Amino acid sequence: MIDQARSQVRSGAAISRRAVLQRNQRVNHYRSLVTPIAVHYGRRCPEPLDDLVQVGLLGLLRAAELYVPQTATPFAAFARPHIRGAILH
């Protein structure tokens, strides 16, 4: 019984590590989406561009966590509203 519970915990940890690795790869690959959106809103508000980029990256990270690859929506199209929303919030 205890061994079975330990194996379930181990398999859950392996899935979690894999999910984190996929999320990080997706964020690194798509981080270029953030700068144009941050520049767009940086022209319209007094916040420093670096701050807007940082917040946009948080939105990208959130999008990467919520994205389900089995959907027909490309990740870039899924991520843009999350980036925009993080910047505007």
Side-chain angles (χ1 to χ4, degrees):
M1 185 77 152
I2 293 174
D3 291 330
Q4 185 180 19
R6 285 182 184 159
S7 68
Q8 289 174 351
V9 169
R10 285 186 192 131
S11 67
I15 292 170
S16 176
R17 277 189 225 119
R18 187 177 322 123
V20 169
L21 179 62
Q22 289 174 345
R23 179 202 68 190
N24 291 345
Q25 288 173 340
R26 198 171 282 125
V27 168
N28 283 332
H29 188 263
Y30 288 97
R31 68 178 183 221
S32 62
L33 291 174
V34 174
T35 303
I37 297 171
V39 167
H40 174 79
Y41 289 105
R43 292 184 188 132
R44 291 161 175 73
C45 73
E47 297 298 321
L49 181 61
D50 289 343
D51 291 349
L52 296 177
V53 170
Q54 278 187 339
V55 172
L57 286 170
L58 290 174
L60 178 64
L61 183 66
R62 181 72 175 146
E65 290 173 348
L66 295 175
Y67 184 66
V68 178
Q70 292 79 17
T71 62
T73 306
F75 179 73
F78 180 81
R80 281 187 190 99
H82 289 275
I83 295 167
R84 237 181 263 121
I87 291 172
L88 291 175
H89 190 282

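Residue indices begin at 1 and follow the sequence shown. For clarity, every value in this text was computed on a predicted model and none was experimentally measured.
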*Is there a chain of hydrophobic side chains (I, L, V, M, F, W, Y, each step under 4.5 Å between heavy atoms) that links L88 to L66?*
yes
*According to a 4.5 Å side-chain heavy-atom criterion applied to Ile, Leu, Val, Met, Phe, Trp and Tyr, with indirect links allowed, do V34 and L61 form part of one hydrophobic cluster?*
yes
Below 3.5 Å, can you tabulate the donor-acceptor pairs from side chains in residues 35-43 to any protein atom, sequence neighbours excluded?
none

*How long is the gap from CD1 on I87 to CZ on R44, to the nearest 0.5 Å?*
12.0 Å
_Within this structure, what is the CG-CD1 distance for the pair L58 and I83, rounded to the nearest 0.5 Å?_
11.0 Å
*asked:* As an exercise, state the distance from CG of N24 to CD of Q22, rounded to the nearest 0.5 Å.
replied: 10.5 Å
*Do L57 and V20 sit in the same hydrophobic cluster, where Ile, Leu, Val, Met, Phe, Trp and Tyr count as joined when their side-chain heavy atoms come under 4.5 Å apart?*
no
*Can you tell if the side chain of L52 reaches within under 4.5 Å of the side chain of C45, non-hydrogen atoms only?*
yes
*Only pairs at least two apart or in different chains count here, so list each ring-ring contact (aromatic ring centres under 6.0 Å, His included) that has a residue in residues 17-36.*
Y30-F75
_Minimum-distance pair of heavy atoms, taken over all atoms of R26 and A64_ = NH1-O, 3.8 Å
*Which pairs with one or both residues in residues 46-75 pass salt bridge (Lys or Arg N to Asp or Glu O under 4.0 Å), sequence neighbours excluded?*
R23-E65, R62-E65
*Nearest heavy atoms of A86 and G59, plus distance in Å*: CB-CA, 3.7 Å
_L33 side, atom CG; L60 side, atom CG - distance, nearest 0.5 Å_ = 6.5 Å
